[in-house]
Amino acid sequence: MTDDAGVSPAPVLPAEVLDGATAAPGAPLAVVVLPGRGVGLAAGGRRWSVPGPPADLLAAVERAVRPRWVWWSAHAAVGGLVPGVHLARCHDLAAVHRLLHGGVRDDAAAVWAAAAGLPEPAGGRRRAEALHGTGLLDLDGTGEAPLDAQGQLSPAWSDGRVLDDGAPPGEQLARAAEFAALALRAAQAQARAVAALPEHRGTPVGAPLPVQTAQAESAAALLAVELEAVGLPLDRRTAEGIVGAAVGPRPRDAADEVRLRAARDAPVTAEFGGPLDLRNPAQVLHALRGLGFDVPDTRAWRLERLAGAHPAVAALLRWRKAERLATTYGYGWLDRHVAGDGRLRGAWSSADAAAGRMTAQAGLHNLPAELRPAVAAEDGHVLVRADLGQVEPRVLAAVSRDAGLVAATTDDDLYAPVAAALAADRATAKIAVLAAMYGQTSGAAGEALRRMEEAYPTALAHLRAAEAAGREGRDVRTYGGRLLRLADAAASGADAAFAARGRFARNAVVQGAAAELFKAWAATVRAGLAGTGGRIVLCLHDELLLHVPTADAGAAVDLLHGALAQTAHRWAAGSGVRFVAEVAVVQRWSQAK
DNA sequence: TGCGCTACGTA
DNA sequence: CGTACGTAGCGCAG
């Protein structure tokens, strides 16, 4: 099939879509994108196949009617596209499915089955790569009905094969419209399920409506696609300078790399007094024991206290630090992930499987502090960094409505009033709060924890209830309504496994709710940046990094604060809980705080 | 080649 | 202290 995109006419949108009679502003409009070919649309019982450049079509519809876009996933719909226009509202079936049902599957077949009230289909997520080269799979894909006799979505539709199987363009566009119609039906079923979620236990007043969580999660899924497309501005020369200072010059070839590696190793092995593979933990352990150090493993935190006892230990720790930069964040990493435009790009997920935090690949979420000077604003721009202060204890106050802890959130430093309540110093108070939230098992905070129980009984009871659910294998929902699946995970297990599930659940109700607040905040900031040259370029659990034209810096600062106030008001209405953000305008990420 | 283990970076 | 994630090198099984 030849590509005739170069001579295709300007897209003609159906009048019903454009005039808004069928799709009123904010009304659901499902879209399935055929990259480079067109889109299928569905709304209000109608469907349309529209040939043309998908990015232009989406932009035209967005300008005309501002719908709530319904898609199987933002990644499938607009991944790889760069719509020249801000898409304001969406319902992401995969994201809402994860919210409603937890677990790891969010492929269209699993989403459809759950929405239709059918059992989870076999097969799991299909990887497109695995389908290529077999030849056979193309045969059963073409012409297959979307739903089988049980009402399950067929694999060929679920993985998108029927939209890219060499069938005539008109046929594929018709299928795209049919697939969009199915998406619309699934979204309606999800909306009913979201509306039917029970109120959050213990907080009948002022908890976020699950529909708000669904909207924020959908927006976060779209933001994840945008983050991947936009990238993090990285000053490559600074980055290479930092790497070079730690591990030496860039190797000229493979042999040079081997030589440089040996040169880095030699002085360290010499300290140990014999041949030794520093990259083999078993050998390092043996060598350390030979020096008289009886350690169970060779982890850095354990060796740090021994660094003064023998120069070999200090040399090993220095070597490890440099080696991390040489391997994980070295020249190879820069070459793989930093494009010619100076942007570091990696894949983003809007919700991990455990508690729903955002994740990112390509080192975006674990960039060593050492490399942060390399994250720099481009000419005419600044970075605006904002991070939520002490967000987890404040979230605990919101979700538990513990009166004492709520009162403590009015302080800029929450740990100050907590310390007063516990009659302890600030450091002890902080350890006690963290120990309560994370289920610490060893004893450093013992007495302070007991006093936490007296000072904040409602918060502690909330955490204990979550832990009990985890131990007993009962599912739990976060404050915003996300299902934390604990039942199947606890099906088999020893005592240690039950304890692990308990600690996980205790932590997940706080970490998960914090993730929901963060994403709602990020979605509000994203909306506020629409139409400006500013972009969110990094999300880091409790921190947002914006890249904005210098002239817009002040507005961005106001936006970050205003969006937090607005989000917190909706998210913890009437609770009295105060959330705070520290915001700084900088040229380099390292300059903030 | 795939997987578990060890180790370590971030929050 | 604890949870979560992604990445890399090694040894071992297939």
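Naming: A, B, ... by sequence-line order, numbering from 1 per chain.
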Range-with-range stems for DNA chain C, at least three Watson-Crick or G-U pairs under 3.5 Å: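 Only these stems qualify: B:1-11 with C:3-13.
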For DNA chain C, which residues in [range] have a heavy atom at a distance below 4.0 Å?
range: residues 334-360 of chain A; value: A/R336, A/D352, A/A354, A/R357, A/T359, A/A360
range: residues 362-370 of chain A; value: A/A362, A/N366
range: residues 316-329 of chain A; value: A/R324, A/T327, A/T328

Under 3.5 Å, side-chain donor or acceptor atoms of residues 364-373 of chain A against the rest of the protein: list the pairs with distances, not counting sequence neighbours.
residue: A/H365; atom: NE2; partner: A/C539; partner atom: O; Å: 2.6

Salt bridge (charged side-chain N to carboxylate O under 4.0 Å, His left out) against A/R261, all qualifying residues, sequence neighbours excluded: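 Not a single residue meets the salt bridge (charged side-chain N to carboxylate O under 4.0 Å, His left out) criterion with A/R261.
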4.5 Å side-chain heavy-atom contact, A/V577 and A/W571: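 Sidechains of A/W571 and A/V577: no contact.
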Side-chain touch A/W348/A/V225, heavy atoms, less than 4.5 angstrom: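 No. Closest side-chain heavy atoms not under 4.5 Å.
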Option from A/L344, A/L546, A/L545 for which side chain to side chain contact (heavy atoms under 4.5 Å, CB included) with A/V537 holds: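 The residue from A/L344, A/L546, A/L545 that satisfies side chain to side chain contact (heavy atoms under 4.5 Å, CB included) with A/V537 turns out to be A/L545.
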Donor-acceptor side-chain pairing of A/W589 and A/E543 below 3.5 angstrom: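 There is such a pair between these side chains.
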Side-chain donor-acceptor contact under 3.5 Å, A/T567 with A/T524: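 A/T524 and A/T567 do have a side-chain donor-acceptor pair below 3.5 Å.
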Sugar-phosphate only, base, or nothing, as touched by A/Q361 at under 4.0 Å among non-hydrogen atoms: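 Answer is sugar-phosphate: A/Q361 comes under 4.0 Å of backbone atoms only.
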Pairs satisfying side chain to side chain donor-acceptor pair (under 3.5 Å), at least one member in residues 350-360 of chain A, at least two apart: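 Pairs touching residues 350-360 of chain A that pass the test: A/R98-A/S350.
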Pairs flagged by ring pair (Phe, Tyr, Trp, His ring centres under 6.0 Å) wherever residues 308-331 of chain A is involved - sequence neighbours left out: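 Every pair satisfying ring pair (Phe, Tyr, Trp, His ring centres under 6.0 Å) with a residue in residues 308-331 of chain A: A/Y329-A/W333.
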Within residues 246-269 of chain A or reaching into it, pairs that qualify as ring pair (Phe, Tyr, Trp, His ring centres under 6.0 Å) - sequence neighbours excluded: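 Qualifying pairs: none.
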Nucleotide range of DNA chain B lying under 4.0 Å from chain A heavy atoms: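 Using the under 4.0 Å cut-off, the span is B/dT6 to B/dA11.
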Close approaches to DNA chain B from residues 291-305 of chain A, in residue order (heavy atom, under 4.0 Å):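 Only A/D297, A/T298, A/R299, A/A300 qualify.
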Contacts of A/R426 that satisfy side chain to side chain donor-acceptor pair (under 3.5 Å) - sequence neighbours left out: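 Scan of A/R426 (side chain to side chain donor-acceptor pair (under 3.5 Å), adjacent residues dropped) gives A/D413.
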side-chain N/O A/N280 vs C/dG11 OP1/OP2, d < 4.0 Å: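 Affirmative; the distance criterion is met.
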Considering all heavy atoms, the nearest A/A556-A/V384 contact: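 Closest heavy-atom pair between A/A556 and A/V384: CB-CG2, 4.0 Å.
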Residue met sooner reading DNA chain C from 5', once A/F504 and A/L434 are mapped to nucleotides: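 Here A/L434 is the residue nearer the 5' end.
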